[in-house]
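Accompanying notes for the structure given below.
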Number of protein chains: 2
Amino acid sequence: MRQIAGDVGVQAGALYNYIPDKQTLLFNLMRDHMEEVLEAWDAEPRPENDPLAELEAFARFHVRFHLERREAVFIAYMELRNLEADNLSDILALRKAYETALIDILVRAKDAGLIATSNPKVAAFAVIAMLTGVQTWFRDAGGLSREAVEDIYWEMTLGAVGKVD
Amino acid sequence: MRQIAGDVGVQAGALYNYIPDKQTLLFNLMRDHMEEVLEAWDAEPRPENDPLAELEAFARFHVRFHLERREAVFIAYMELRNLEADNLSDILALRKAYETALIDILVRAKDAGLIATSNPKVAAFAVIAMLTGVQTWFRDAGGLSREAVEDIYWEMTLGAVGKVD
DNA sequence: GTCTATACCCCGATAGAC
DNA sequence: GTCTATCGGGGTATAGAC
């Protein structure tokens with residue numbers, strides 16, 4: 001709290017004019033982050049009734065968003081263990097809503113015979129883990145552009161869920 | 001430190017007969033964990049000069065090992081930020097050695113024309129992130145056996161790296 | 001080798017003047 | 001609304017008796 005106060009140019013005590021306590025501050029940060037993810041995906045342009053195109057939109061969106069907000073994504077994961085039980089439940093519900101969006105796409109793609117995945121739910125968890133991992137190694141100074149990385153991850157996503165040729 | 005001491009049945013001060021300080025304890029735990037991963041993979045039975053079979057061995061080994069040591073894997077990742085610079089370098093070098101084992105398999109598979117991945121290094125990072133993610137959701141009480149989960153992740157790994165039919 | 005006791009420091013949060 | 005000052009508690013680590 002003293003470090004945050006220093007960064008915004010006040011003494012630690014002054015922070016308590018704006019927040020009741022540290023736990024609430026952390027919870028609000030994480031809730032806002034998750035809601036921004038959900039709203040951004042909601043607003044992401046994509047076709048309807050075209051599961052493979054929706055899957056491509058999701059994969060590219062997820063990679064792009066997670067590279068744009070590396071620190072927030074890192075915190076949203078690492079600080080889960082510092083949330084009190086009730087707050088954790090709320091955040092996990094938001095995460096589940098995001099996961100469900102991908103599961104829904106995969107189920108529709110499978111029903112349409114476009115992909116062969118044997119388990120859409122597990123596939124969704126695996127794909128999200130794979131895509132999220134990009135933030136652990138990607139650096140703009142490296143040899144790959146963000147677009148090139150999006151291409152690679154989309155290609156891998158499509159293969160992982162068992163595209164039917 | 002007081003909690004550790006309580007769990008092993010001594011007072012906090014007595015711990016310092018065994019370790020110089022807390023940082024050294026954390027570093028030793030994480031180094032031991034990484035060395036155990038490397039040694040276990042080294043000892044894992046697998047064919048030689050058969051990149052696809054080696055890839056299957058790696059995928060199944062990684063899933064199995066990470067389900068057997070969920071807590072250790074979790075700590076090895078979450079506590080990275082609490083390592084001092086020199087210690088962090090040592091641990092990251094061990095992680096890199098493990099990643100390199102997979103990159104090597106993928107490069108040989110690609111050179112042999114068995115997989116189509118456009119970037120073996122990125123593919124290796126993506127595959128490891130995907131496989132490691134299993135520990136965030138898998139529970140023995142769920143509907144899937146560990147073997148069934150291994151099967152799914154191996155199938156997805158093969159697709160992700162672009163198996164050539 | 002373990003104990004009790006404690007030094008020293010940092011934390012979140014509050015009190016009360018301005 | 002911000003400040004200074006401080007409370008109460010917890011942290012790692014050490015001192016010294018046994």
Side-chain angles (χ1 to χ4, degrees), chain A residues 1-38 66 69-96 132 135-136, chain B residues 1-38 66 69-96 132 135-136:
Chain A
M1 300 303 283
R2 285 177 169 96
Q3 186 177 343
I4 291 170
D7 286 353
V8 298
V10 295
Q11 290 299 313
L15 293 176
Y16 292 85
N17 289 312
Y18 302 92
I19 53 156
D21 53 41
K22 186 185 173 185
Q23 170 72 202
T24 303
L25 173 59
L26 176 62
F27 172 68
N28 287 344
L29 281 172
M30 294 182 69
R31 188 201 50 208
D32 290 352
H33 170 71
M34 287 308 304
E35 289 179 346
E36 281 165 20
V37 175
L38 286 166
H66 281 68
R69 311 215 183 175
R70 290 189 30 161
E71 325 78 18
V73 167
F74 189 74
I75 289 170
Y77 181 68
M78 297 295 262
E79 298 297 329
L80 279 178
R81 62 172 161 176
N82 291 317
L83 286 175
E84 292 166 4
D86 288 355
N87 290 337
L88 179 60
S89 299
D90 285 4
I91 299 299
L92 292 183
L94 292 169
R95 284 169 72 103
K96 188 173 179 183
T132 302
Q135 58 96 17
T136 64
Chain B
M1 299 302 283
R2 286 179 171 108
Q3 187 177 342
I4 291 170
D7 287 352
V8 299
V10 296
Q11 290 299 312
L15 293 176
Y16 292 86
N17 288 312
Y18 302 91
I19 52 155
D21 54 41
K22 186 185 173 185
Q23 171 71 203
T24 303
L25 173 60
L26 176 61
F27 172 68
N28 287 346
L29 282 172
M30 293 182 69
R31 187 201 51 209
D32 290 352
H33 170 72
M34 286 308 305
E35 287 178 348
E36 281 166 20
V37 175
L38 285 166
H66 281 68
R69 311 214 183 177
R70 289 187 33 152
E71 325 78 17
V73 166
F74 189 74
I75 289 169
Y77 181 67
M78 296 296 261
E79 297 296 330
L80 280 178
R81 62 173 162 175
N82 292 317
L83 287 176
E84 291 166 5
D86 288 357
N87 291 337
L88 179 60
S89 298
D90 285 4
I91 299 300
L92 292 183
L94 292 170
R95 284 170 71 101
K96 187 174 180 180
T132 302
Q135 58 97 17
T136 64

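Below, chain A is the first sequence line, B the second, and so on; all start at residue 1. Only heavy atoms go into these numbers, but all of them, side chains included; no hydrogens, no water, no symmetry mates.
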Rounded distance (Å) that lies between atom [atom2] of [N] and atom [atom1] of [X]:
| X | N | atom1 | atom2 | result |
| --- | --- | --- | --- | --- |
| A:Met1 | D:dG9 | CE | P | 20 Å |
| B:Ile4 | D:dA13 | CD1 | C1' | 14 Å |
| B:Gln23 | D:dA13 | CD | P | 9 Å |
| A:Leu26 | C:dC11 | CG | P | 17 Å |
| B:Asn17 | C:dC3 | CG | C1' | 11 Å |
| B:Asp21 | D:dG11 | CG | P | 17 Å |
| B:Leu25 | D:dG11 | CG | P | 15 Å |
| A:Leu15 | C:dG12 | CG | P | 10 Å |

Between B:Lys22 and A:Tyr18, whichever has its closest DNA chain D nucleotide further toward 5' is A:Tyr18

I'd like to know if A:Arg2 reaches the base of C:dG12 with its side chain, counting only an N/O donor and acceptor under 3.5 Å. yes

Between [options], which one does the side chain of [X] approach most closely?
| X | options | result |
| --- | --- | --- |
| B:Gln11 | D:dA13, D:dT2, C:dT4 | C:dT4 |
| A:Val10 | D:dC3, C:dT2, D:dG1 | D:dC3 |
| B:Tyr16 | D:dT2, D:dA13, C:dA13 | D:dA13 |

Rounded to the nearest 0.5 angstrom, the CD-OH distance for A:Gln135 and A:Tyr77 is 10.5 Å

Can you tell me which residue among A:Asn82, A:Asp32, A:Asp21, A:Asn87 is in a side-chain contact (heavy atoms from CB on, under 4.5 Å) with A:Phe27? A:Asn87

Compare every heavy atom of A:Val10 with every heavy atom of A:Leu15, then report the nearest pair and how far apart it is. CD2-CG2, 4.2 Å

Check the pair A:Leu80, A:Arg95 against side-chain contact (heavy atoms from CB on, under 4.5 Å), reporting the backbone distance first and the verdict last. CA-CA 11 Å; A:Leu80 279 178; A:Arg95 284 169 72 103; 3.8 Å; yes

